[in-house]
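Read the numbers this way: they start at 1 and go in the same order the structure lists the ligands and their atoms.
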Amino acid sequence: MTDPIADVRSIQIERPADHVLRIVLDRADRRNAQDPRMLYQLNDAFDLAGQDDEVKVVILAGEGPTFSAGHDLRAAFAVTDEGQRRAEWGDHPAVSCWGGFTQPGAEGWMAMEEELFLGLCWRWRNFPKPTIAATQGKVIAGGLMLAWVCDLIIAGDDATFSDPVVAFGLNGHEYFVHAWELGARKAKELLFTGGAITAEEARALGMVNRVVPREQLADATLALAVRIAAMPSLGLKLAKQAVNQSLDAQGQWTALQAALSLHEIGHSHNREVHGSVVDPTGAERIRRLSAAGT
Ligand code: ZN
């Protein structure tokens, strides 16, 4: 069978073993930064994996030394007319019910974030088959979002995880499950400092399942996927749904929506005060703090 989107530019789709589909972020020259096209291609790949009954487990990996450095800040996420939207986002129809992407001010920006960031992440979080993120190098902000929507996370021993978005005048990235992933206290430390945690720290916190030598990341992740794929597909789906429903019962979706509301306040404030949706001193702040080693 020919994968209908195997030739897309920003991701690759591989079938490394029976019942296992591997989606590879393939913009190593941009540290796998996510632009709107990559996000839609990723969504197409999840749809393909979901509809293909031969696929039981999905691996999400990144080509090159960096899993993903976050959203591609060079890409045009804000669009002012439909022609620009198609040019920047591609011809994909919206996946959510949101529209109004070309509206001025907070209306258009919020619609974009609901569609491309929270909407897609929540959709992938609820993908019915087991997913495993294979992470290496820097996993930053939007990169962390991609890892967190997966059911399991395997980390190369060189992986570091951060969400330095507070430096840019926001609460954190748009998929705000920090307290579930890290515990409330470490979540606050990660956010307040803008610093990174190591793979081993992430494992100790329960955020990462296993840490393996970097050169063994692909093989170790595949071996885990093959073991999971030996289980009946229905049992896997039911187990995943049951755990996700436990998180839902704790109010995870409600908390995510509330956090996005605060996030939009941040963007609106920054636009009013700084003339851009993020505090323009953010990158320099992080550089200074990283150089000081604090
Ligand atoms: Zn945002």
Visitor: Please enumerate all residues that pass side-chain hydrogen bond (donor to acceptor under 3.5 Å, both in side chains) together with Glu107, with sequence neighbours excluded.
Guide: none
Visitor: List the residues meeting side chain to side chain contact (heavy atoms under 4.5 Å, CB included) with Gln84, not counting sequence neighbours, and say none if there are none.
Guide: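 Expected list: Ala76, Val79, Thr80, Asp81, Glu88.
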Visitor: Identify, by name, the N, O or S atom of Glu174 lying closest to the Zn ion (ligand 1).
Guide: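 It is OE2 of Glu174.
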Visitor: Would you call the rings of Phe46 and Trp124 parallel, tilted or perpendicular if under 30° counts as parallel and over 60° as perpendicular?
Guide: parallel
Visitor: Is there an N/O/S atom in Glu264 that lies less than 2.8 Å from the Zn ion (ligand 1)?
Guide: no
Visitor: What's the atom name of the N, O or S in Glu113 nearest to the Zn ion (ligand 1)?
Guide: OE2
Visitor: Between Arg37 and Asp44 (salt bridge meaning N to carboxylate O under 4.0 Å), is one present in this structure?
Guide: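 No, this pair does not count.
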Visitor: Within His173, is some N, O or S atom less than 2.8 Å away from the Zn ion (ligand 1)?
Guide: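 Here the distance criterion (N, O or S atom, under 2.8 Å) is not met by His173, so no.
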